[in-house]
Amino acid sequence: MGKLRNALIIVVFLACLGGNKALSADISGLSNFKAQNNMEAGTFSDVKSGSWYYSGVKTAYDYSVMGGIGGGKFSPGSNLSKAQALTIAARVHAVYKNKSIKEAPNSAWYIKYYDYAQENLLLPPDIKSPSGLDTENATRAEIAYMFGGILESSDSAAINDAQIPDIGLIGADFTDAAKKMYAAGIIGGKDGGRFDGNGLATRAETAAIVGRIIDPLTRLAFDSKYNPGSSGQESNIQDYQKVTEDKDNVFFAYWDDNKSCYCISRYDKKTKRNTVIYSGEDGAYRSPYAYLGKMTLYNGELYFTEEKYETDTLKSTLRKINPLTKSVTEIYSGDSIQGYAIY
């Protein structure tokens, strides 16, 4: 009995999947996005690696949501017309919802996107008709409204509790959308966290929004309960279900500065220093095709699952890390893990 009492027992619960049809009903609409391009360092001469909007532009371009303006330029600082903004929002919504955008023969190029936005409740309340939308610039409040109605609640969890100091400066019709986008980490503030809802949206800002919608791991998480323990990395944390702690440490998962590698870090509460204890395979765990499932601490070791789609079939790997030695042990790899218990 003594040996049995001291044994570590891990029970893994597997999802019962009856073929791809059964699986597809449970897959997020984010899995509908398929990369069609590959933005490289020289694709756009005015989008520099390391810029705050680089990953957003790359995602928007790779998934064929936004392109350049010609001449090898993206023009990140340029404003968007309302027609262009509606076009981008409609494209994202159509892929996410697996819908088609109907043609509008003998009409201006953007009319079909206007019609789609109107039909799918993406049209801001201040836009009453399609007239002139290709010459009027979109505000940040309008952008928040257009994109705020795309994601289901399961794909837009609140991961940011930062306040919006100038929320009262925009119309009441836009307030809920702005709060939702802030809370989901999809829209970030300017200096001092200002929303600047009446300011004009730029192509860089819009690309960043698109990138954060498609790839939740790039969303701007901030939680006042944990922020001191994740200083310098909190903007890359996916959500705070991926944060766990014991008496001495806080453990959290995030993308590295180049958004190329998925990492788990240990923050020492006493020394106030972060140490990377695990680095995923370069680019291998980028949502929506793969993600960190769950992290659990047990007897000083960190257990975590990694989920990855392989030809529309979800696969899981369960690993554990010794935070001090950084040694990693693979416990299970195979069918999707519904849950696990350690006792």
Side-chain angles (χ1 to χ4, degrees), residues 30 32-96 101 109-110 112-113 117 122 133-140 142-144 146-147 150-151 181 185-191 196 199-220 235-236 238 254-262 282-290:
L30 293 175
N32 293 333
F33 290 92
K34 309 295 182 185
Q36 302 175 44
N37 305 308
N38 181 27
M39 191 182 94
E40 300 176 341
T43 300
F44 299 118
S45 60
D46 54 356
V47 178
K48 304 298 183 184
S49 177
S51 58
W52 66 266
Y53 50 81
Y54 181 88
S55 64
V57 173
K58 177 171 174 54
T59 300
Y61 177 80
D62 286 356
Y63 290 86
S64 295
V65 177
M66 295 179 70
I69 63 168
K73 294 184 180 296
F74 185 81
S75 192
S78 297
N79 298 126
L80 284 166
S81 70
K82 296 182 180 184
Q84 291 169 331
L86 282 173
T87 296
I88 296 167
R91 287 173 178 169
V92 175
H93 186 277
V95 175
Y96 181 73
I101 299 175
W109 64 268
Y110 60 87
K112 64 179 182 180
Y113 300 107
L122 303 179
L133 296 185
D134 56 339
T135 59
E136 300 173 7
N137 289 327
T139 67
R140 285 169 55 87
E142 289 172 329
I143 289 288
M146 293 176 193
F147 288 92
I150 293 176
L151 296 178
M181 297 293 270
I186 296 172
I187 288 183
K190 295 186 174 182
D191 54 290
D196 188 23
L200 300 181
T202 66
R203 286 173 55 82
E205 292 168 346
T206 306
I209 290 170
V210 171
R212 293 168 192 153
I213 286 176
I214 295 175
D215 186 353
L217 288 177
T218 61
R219 295 180 189 174
L220 304 173
S235 66
N236 293 333
Q238 180 183 12
Y254 64 96
W255 282 107
D256 69 358
D257 290 339
N258 296 320
K259 305 293 190 298
S260 62
C261 184
Y262 193 73
D282 185 43
Y285 301 106
R286 188 173 272 281
S287 178
Y289 301 104

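Quantities reported herein were computed from a predicted structural model and do not represent experimental measurements.
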#### Entry: Trace of the side chain to side chain contact (heavy atoms under 4.5 Å, CB included) decision for Tyr96 with Asn32
CA-CA 6 Å; Tyr96 181 73; Asn32 293 333; 5.6 Å; no
### Task
Decide side chain to side chain contact (heavy atoms under 4.5 Å, CB included) for Phe147 and Val210; before the verdict, give the C-alpha distance in whole Å, the side-chain angles of both, and the deciding distance to 0.1 Å.
CA-CA 8 Å; Phe147 288 92; Val210 171; 4.0 Å; yes
### Query
Run the side chain to side chain contact (heavy atoms under 4.5 Å, CB included) check on Thr206 and Gln84 step by step: do they pass?
CA-CA 10 Å; Thr206 306; Gln84 291 169 331; over 6 Å; no
### Message
Pair Arg91, Tyr63 - check side chain to side chain contact (heavy atoms under 4.5 Å, CB included), show working.
### Response
CA-CA 10 Å; Arg91 287 173 178 169; Tyr63 290 86; over 6 Å; no
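We find the CD1-CD1 distance between Ile150 and Ile186 to be 8.5 Å, quoted to the nearest 0.5 Å. With values rounded to the nearest 0.5 angstrom, Asn79 atom CG is found 8.5 Å from Glu205 atom CD. The distance from atom OG1 of Thr218 to atom NZ of Lys58, rounded to the nearest 0.5 Å, is 13.0 Å. Note that OG1 of Thr87 is 4.0 Å distant from CH2 of Trp109, once rounded to the nearest 0.5 Å. Of the inter-residue distances, the one linking Glu142 atom CD with Glu136 atom CD reads 8.5 Å to the nearest 0.5 angstrom.
Looking at heavy atoms from C-beta onward, Ile88 lies out of side-chain contact with Ile209 at the 4.5 angstrom threshold. Inter-residue side-chain proximity for Tyr110 and Leu86 is flagged as unmet; no heavy-atom pair is nearer than 4.5 Å. Side chains of Val65 and Ile214 form a contact here, defined as non-hydrogen atoms less than 4.5 Å apart.
At a cut-off of 3.5 Å, with distance as the only test, a side-chain donor of Asn37 or Ser64 sits close to an acceptor on the other residue.
In this structure, Gly67 and Arg203 approach most closely via the heavy-atom pair O-NH2, 2.7 Å. Minimum interatomic distance between Lys82 and Asn137 (heavy atoms only, all atoms of both residues): CE-O, 3.3 Å. Of all non-hydrogen atoms in Leu30 and Arg219, the two that sit nearest each other are CD1-NH2, 4.5 Å. Here the shortest heavy-atom pairing between Ile143 and Ala201 reads CG1-CB, 3.5 Å. In terms of heavy-atom proximity, Pro76 sits nearest to Thr202 at O-CB, 3.5 Å. Closest approach of Ala90 to Ile101, counting heavy atoms only: O-CD1, 3.9 Å.
Scored by the side chain to side chain contact (heavy atoms under 4.5 Å, CB included) test, Glu40 finds Asn38, Thr43 as partners (sequence neighbours excluded). Every residue meeting the ring-ring contact (aromatic ring centres under 6.0 Å, His included) condition with Tyr61, not counting sequence neighbours, appears here in chain and number order: Phe44.
Asp134 contributes no side-chain N or O that, together with a main-chain N or O of Ser81, makes up a donor-acceptor pair within less than 3.5 Å.
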